[in-house]
Amino acid sequence: MKSAITNIGCLATATGSNAKSGKEQGNIKIIENATIVYEEGVITDVLSGRFDGKCDDYIDAEGALVTAGLVDAHTHLVFGGFRENELALKLHGVEYLEILRRGGGILSTVNATRQATEDELYDKTRAALSEMLRLGTTTCEAKSGYGLNLETELKQLNVTKRLNETQPVELVSTFMAAHAVPPEFKGNRRGYVKAIIEEMLPRVAENHLAEFCDVFCESEVFDAEESRQILQAAQKLGLRAKIHADEIDAIGGSELAGELGAISAEHLIACTESGIEAMAKGGTIACCLPCTSFYLGKGFAPARDMINAGVPVAVATDYNPGSTPNLNLQLAMNIACYKYRLTPEEVLTAVTLNAAAAIGRADKIGTVEVGKQADLLIWDADNLNRIFYRYGHNQVRTVIKCGVKRQKV
Ligand code: IZC
Ligand code: ZN
C-alpha cells in the first residue's frame, strides 16, 4: 500500500545516518508545504509544493508540523512495583545513594520484580508503551537490571522480547545486571562481578536477548575497574558497551566510555572536562537525561560544553521507578531546552537522529528521508518553536509507526 501525508505546513528533520555534534547538531532541514510518500513502512519520497501523485491512502496534515518519531534511548522499562514511598524520604533530604544503602531504591524494585510473574510484568509494561506511543515515542531502549540474578534478568529480557513482537513501539534491549549488588552478594562485589561475567553474560549473548550491556559506574555501586571488566567481557561476546557515568559522582565513567569506544555514556550530570574529552576521542554519544536532574533536584549535565567539544548529545527520559518515573519524552525535550539551553533544533536532533545512533539504529530511523522507516509524528503545532515554547501536555496529534497510523487524538 502506498500512502501520503499531504499538506504538511512544516517538515523538520535532521539529515543523514550518523550522530551529529557541534554546529551540525542544530542543522535541521525545514521543508514547507511538504508531502511524504511511503510504501510498506518505508519513506519513498519527500517533496515540497503541490503533490499530484496517486496513492491508496492520504492523511491531510492540515498545515501542521511533522517530524520523525521520537526515539527514547534510555529507559529502565520493565519493572515491578513503584517507589512512591521514597518521595517522602527525598523531601526530608535523604539522598538517592543513602536510600540504596538502606536496602531501598533499586533493591526494593529488585524485590518487586523478582516477585512479579512474567505475565504481570508484560501487562504492566505494555500499558506503559501504549502511553509512550501516544506521546510520540516510536522506538525505545529497555534495560534489564531489576533481577540481579540469572532467572529474573532473563524474565525481564524475555518480557522485552515478547513486547517487541506484539506491540508497535520497537524495543532495543540492553543487559544491565550491573545495576546494583544484590543482597545475596552483599559484601562480595567481586563475586557478583564474576557471576555477571561467567554466568549471566554468556547466557544473554547465546540467546540473543540484548544488543548492549550497561553498567552503573557510580560511588558505592561499581567502580571504573569493575565496569571495565564487565564491559570488555560483553564486547568479546558481541554486545556493545553503554555506561551510566557521572550521574552522582565523577568516578571515571565517561573516561572509561571513551577508552572502550562505548556507543554511549548516560547521565553525565557530574561530567568533567576530561570526561568530555575522552568521549569526543572515543566517538561516544552523550545520552543526557534532564528529567532525572529535575526530579532529583540536582545539577544538569553540561550538554552545551559537550556539543561544543564535538560530542553528539542525545536526550532520553530515563523512565524508571526511582530517579524519574516519567515516560513522556516531550517533557525531557522541554527541560533540555530550558535547562541545558539547547535550541529546539539541537533538541530535535537529540531525540531523533542522535538517539537513534545511541542505540545503533541511525541507518533505519531518526530522520524523514527516502529509505528511512516511516516513523512520523503530526504535531498539534505548525512550527518547531511552538512545541518547545509550550509544555506539560501531549502535543502529538497523530503517530505513524512503520507506515501504520496509530492514533488520531
Ligand atoms: O531504579 O533508581 N540511576 N539507576 C541508576 C536508576 C537510577 C534507576 C533506579
Ligand atoms: Zn538509567
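Worth saying up front: this structure is predicted, and the values here are computed from it rather than measured. The analysis underlying the following values was restricted to heavy atoms, covering all of them including side chains, and did not include hydrogens, waters or symmetry mates.
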J.: Below 4.5 Å, heavy atoms only, C-beta onward: do Leu376 and Tyr38 meet side chain to side chain?
T.: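 In contact.
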J.: Is the number of heavy atoms from other residues, nucleotides or ligands under 6.0 Å of Phe294 CZ greater than 12?
T.: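 Not buried by this count: 12 neighbours or fewer within 6.0 Å.
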J.: Please check if the distance between the ring centroids of His179 and Tyr146 is under 6.0 Å.
T.: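 Between Tyr146 and His179, which both carry aromatic rings, the centre distance is below 6.0 Å.
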J.: Just wondering, more than 12 heavy atoms not from Lys90 lying within 6.0 Å of its NZ?
T.: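 Yes, because the 6.0 Å sphere around NZ of Lys90 holds more than 12 heavy atoms from other groups.
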J.: Going through the distances and angles, do Val193 and Gln229 end up as a side-chain contact (heavy atoms from CB on, under 4.5 Å)?
T.: CA-CA 8 Å; Val193 170; Gln229 287 169 15; 3.9 Å; yes
J.: Report yes or no: does Ser48 contribute a side-chain atom to a donor-acceptor pair with the main-chain N or O of Glu32 at less than 3.5 Å?
T.: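 No, because the side chain of Ser48 does not come within donor-acceptor range (under 3.5 Å) of the backbone of Glu32.
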J.: Roughly how far, to the nearest 0.5 Å, is the NZ atom of Lys155 from the CG atom of Asn149?
T.: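 Nearest 0.5 Å value for the CG-NZ distance: 8.5 Å.
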J.: Is the NZ or CZ atom of Arg162 positioned over Tyr122's six-membered ring, under 6.0 angstrom from the centre and within 45° of the axis?
T.: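 Checked: cation-pi criterion met.
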J.: Which heavy atom of Pro344 sits nearest to which heavy atom of Cys337, and what is that distance?
T.: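 Nearest pair, atom of Pro344 first, then Cys337: CD-SG, 4.4 Å.
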J.: For atom OH of Tyr389, decide whether the heavy atoms of other residues, nucleotides or ligands shown that lie under 6.0 angstrom number more than 12.
T.: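 It does not: Tyr389 OH has 12 such atoms or fewer within range.
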J.: Below 6.0 angstrom between ring centroids: does that apply to Phe79 and Tyr319?
T.: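 Between Phe79 and Tyr319, the centre distance is under 6.0 Å.
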J.: Using a cut-off of 6.0 Å, state whether more than 12 heavy atoms not belonging to Glu199 lie near its atom CD.
T.: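 Counting other residues, nucleotides and ligands, CD of Glu199 exceeds 12 neighbours.
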J.: Can you tell if the side chain of Ile307 reaches within under 4.5 Å of the side chain of Lys23, non-hydrogen atoms only?
T.: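 No; the side chains remain at least 4.5 Å from each other.
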J.: Using atom types as modelled and distance alone, determine if a side-chain donor or acceptor of Asn334 lies under 3.5 Å from a backbone N or O of Arg390.
T.: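 Checking the backbone N and O of Arg390 against the side chain of Asn334, a donor-acceptor pair under 3.5 Å is found.
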J.: Apply side-chain contact (heavy atoms from CB on, under 4.5 Å) to residues Met132 and Cys140 and explain how you reach the verdict.
T.: CA-CA 9 Å; Met132 289 166 102; Cys140 177; 3.7 Å; yes
J.: After noting the C-alpha distance and the side-chain angles of Glu95 and Arg101, does the key distance pass the salt bridge (charged side-chain N to carboxylate O under 4.0 Å, His left out) rule?
T.: CA-CA 10 Å; Glu95 297 282 340; Arg101 217 175 284 133; over 6 Å; no
J.: For the residue pair Asp382 and Gly63, what are the closest heavy atoms and their distance?
T.: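 Minimum heavy-atom separation between Asp382 and Gly63: CB-O, 3.5 Å.
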J.: Roughly how far, to the nearest 0.5 Å, is CG of Leu70 from OG1 of Thr139?
T.: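 CG of Leu70 is found 9.5 Å from OG1 of Thr139.
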J.: Would you check if Lys298 and Tyr96 make a side-chain contact, meaning some heavy-atom pair closer than 4.5 Å?
T.: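 Lys298 vs Tyr96: side chains apart.
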J.: Measure from the side-chain N and O atoms of Asp214 to the backbone N and O of Ala241, and report whether any donor-acceptor pair falls under 3.5 Å.
T.: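 Checking the backbone N and O of Ala241 against the side chain of Asp214, no donor-acceptor pair under 3.5 Å is found.
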J.: When you check the gap from the basic side-chain N to the acidic O, do Lys401 and Glu170 get nearer than 4.0 Å?
T.: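 Salt bridge flag = yes for Glu170 with Lys401.
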J.: So, do Thr317 and Thr324 sit near enough that their side-chain heavy atoms are less than 4.5 Å apart?
T.: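 When only atoms from C-beta onward are counted, Thr324 and Thr317 do not touch, as no gap falls below 4.5 Å.
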J.: Roughly how far, to the nearest 0.5 Å, is CD1 of Ile335 from OH of Tyr295?
T.: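 So the gap between those two atoms works out to 12.5 Å.
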J.: Are Glu259 and Arg228 close enough, and set up right, to give a salt bridge (charged side-chain N to carboxylate O under 4.0 Å, His left out), and what steps lead you there?
T.: CA-CA 9 Å; Glu259 178 199 320; Arg228 177 186 286 108; 2.9 Å; yes
J.: Kindly indicate whether the side chain of Glu211, heavy atoms from C-beta on, has any atom under 4.5 Å from the side chain of Val172.
T.: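 Contact flag for Glu211/Val172 side chains = yes.
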J.: Is the backbone of Gly145 close enough, under 3.5 Å, to the side chain of Glu153 for a donor and an acceptor to pair up by distance?
T.: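 Checking the backbone N and O of Gly145 against the side chain of Glu153, a donor-acceptor pair under 3.5 Å is found.
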J.: Show your working on salt bridge (charged side-chain N to carboxylate O under 4.0 Å, His left out) between Lys364 and Asp375 and close with a plain yes or no.
T.: CA-CA 10 Å; Lys364 256 183 69 188; Asp375 291 2; over 6 Å; no
J.: Can you measure from NZ (Lys124) to OG1 (Thr113) and round to the nearest 0.5 angstrom?
T.: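 Here the rounded value is 7.5 Å.
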J.: I'd like to know if Glu266 and Lys143 make a salt bridge, using a cut-off of under 4.0 Å between side-chain N and carboxylate O.
T.: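 The answer is yes: the pair qualifies as a salt bridge.
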J.: For the pair Ser173 (side chain) and Leu209 (backbone), establish whether a donor and an acceptor sit closer than 3.5 Å, ignoring hydrogens and angles.
T.: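 It does hold such a pair.
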J.: May I ask you to say whether Lys2 pairs ionically with Asp57, meaning some side-chain N is under 4.0 Å from a carboxylate O?
T.: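 Between Asp57 and Lys2 there is no salt bridge, as every charged N stays at least 4.0 Å from the carboxylate O atoms.
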J.: Could you report the tightest heavy-atom contact between Leu97 and Ser219, atom names first, then the distance?
T.: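 Where Leu97 meets Ser219 most closely, the heavy atoms are CD1-O, 3.8 Å.
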J.: Counting only heavy atoms not in His92, do more than 12 sit closer than 6.0 Å to its NE2 atom?
T.: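 It does not: His92 NE2 has 12 such atoms or fewer within range.
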J.: Nearest 0.5 Å, what's the CD1-OG1 distance between Ile400 and Thr138?
T.: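 Ile400 atom CD1 to Thr138 atom OG1 measures 10.5 Å (nearest 0.5 Å).
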J.: Are any side-chain N or O atoms of Thr75 and backbone N or O atoms of Glu141, one a donor and one an acceptor, separated by less than 3.5 Å?
T.: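 Such a contact is found between Thr75 side chain and Glu141 backbone.
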J.: So, are Glu86 and Arg102 salt-bridged, with charged N and O less than 4.0 Å apart?
T.: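 No, this pair does not count.
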J.: Which is it for Arg406 and Val404 under the side-chain contact (heavy atoms from CB on, under 4.5 Å) test, yes or no, and what are the steps along the way?
T.: CA-CA 6 Å; Arg406 291 291 168 183; Val404 179; 3.9 Å; yes
J.: Can you confirm whether Tyr340 sits close enough to Phe300 that some side-chain heavy atom of one is under 4.5 Å from a side-chain heavy atom of the other?
T.: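 In contact.
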J.: Please list every donor-acceptor pair under 3.5 Å in which a side-chain atom of residues 3-17 meets a protein atom from a residue at least two apart or in another chain.
T.:
| from | atom 1 | to | atom 2 | distance (Å) |
| --- | --- | --- | --- | --- |
| Asn7 | ND2 | Asp60 | OD1 | 3.0 |
| Thr13 | OG1 | Val368 | N | 2.9 |
| Ser17 | OG | Ala362 | O | 3.4 |

J.: Looking at Thr35 and Gly49, what are the two nearest heavy atoms and their distance?
T.: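 Result for this residue pair: OG1-O, 4.3 Å.
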J.: Mind listing the closest non-hydrogen atom pair of Ser254 and Ala245 along with its distance?
T.: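 Minimum heavy-atom separation between Ser254 and Ala245: N-CB, 3.5 Å.
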J.: Does any N or O in the side chain of Asn328 come within less than 3.5 Å of the main-chain N or O of Asn326, such that one atom is a donor and the other an acceptor?
T.: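 The answer is no, because no donor-acceptor pair under 3.5 Å joins these two groups.
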J.: I need the Asp318 CG to His267 NE2 distance, nearest 0.5 Å.
T.: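 Spacing of CG (Asp318) from NE2 (His267) equals 4.0 Å.
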J.: Walk me through whether Thr67 and Leu65 qualify under side-chain contact (heavy atoms from CB on, under 4.5 Å).
T.: CA-CA 7 Å; Thr67 68; Leu65 168 72; 4.2 Å; yes
J.: Using every non-hydrogen atom in the two residues, find where Gly69 and Leu377 come nearest and quote the distance to one decimal.
T.: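 Gly69 and Leu377 have their closest heavy atoms at CA-CG, 3.7 Å.
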J.: Would you say the side-chain atoms of Asn27 and Glu345 include a donor-acceptor pair closer than 3.5 Å?
T.: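 Result is no, nothing qualifies.
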J.: For Thr137 and Asp72, does a side-chain donor sit closer than 3.5 Å to a side-chain acceptor?
T.: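 No.
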J.: Under a 3.5 Å distance rule, please check whether Thr160 uses its side chain to pair with a backbone N or O of Ala142 as donor and acceptor.
T.: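 Side chain of Thr160 to backbone of Ala142, a donor-acceptor pair under 3.5 Å: no, none is there.
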J.: Would you please indicate yes or no on a ring centroid separation below 6.0 angstrom for Phe388 and Tyr391?
T.: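 Tyr391 vs Phe388: aromatic centres not under 6.0 Å.
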J.: Any ion pair linking Asp363 and Arg361 (charged N to carboxylate O, less than 4.0 Å)?
T.: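 No, Arg361 and Asp363 are not salt-bridged.
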J.: Might you confirm whether atom CZ of Arg203 has over 12 heavy atoms from other residues, nucleotides or ligands at distances under 6.0 Å?
T.: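 No, not enclosed.
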J.: Do other residues, nucleotides or ligands put more than 12 heavy atoms under 6.0 Å from the CG atom of Asp45?
T.: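 Yes, the 6.0 Å shell around CG holds more than 12 heavy atoms from other groups.
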J.: How about Arg304: does its CZ atom have over 12 heavy atoms from other parts shown lying under 6.0 Å from it?
T.: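 Enclosed: over 12 neighbouring heavy atoms sit under 6.0 Å from CZ of Arg304.
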J.: May I ask you to decide if Asp249's main-chain N or O and Glu218's side chain share a donor-acceptor pair within less than 3.5 Å?
T.: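 Yes, because the side chain of Glu218 sits within donor-acceptor range (under 3.5 Å) of the backbone of Asp249.
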J.: Ignoring hydrogens and angles, tell me if any N or O in the side chain of Thr284 forms a donor-acceptor pair with the backbone of Ser264 under 3.5 Å.
T.: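 Pair absent, no side-chain N/O of Thr284 close to backbone of Ser264.
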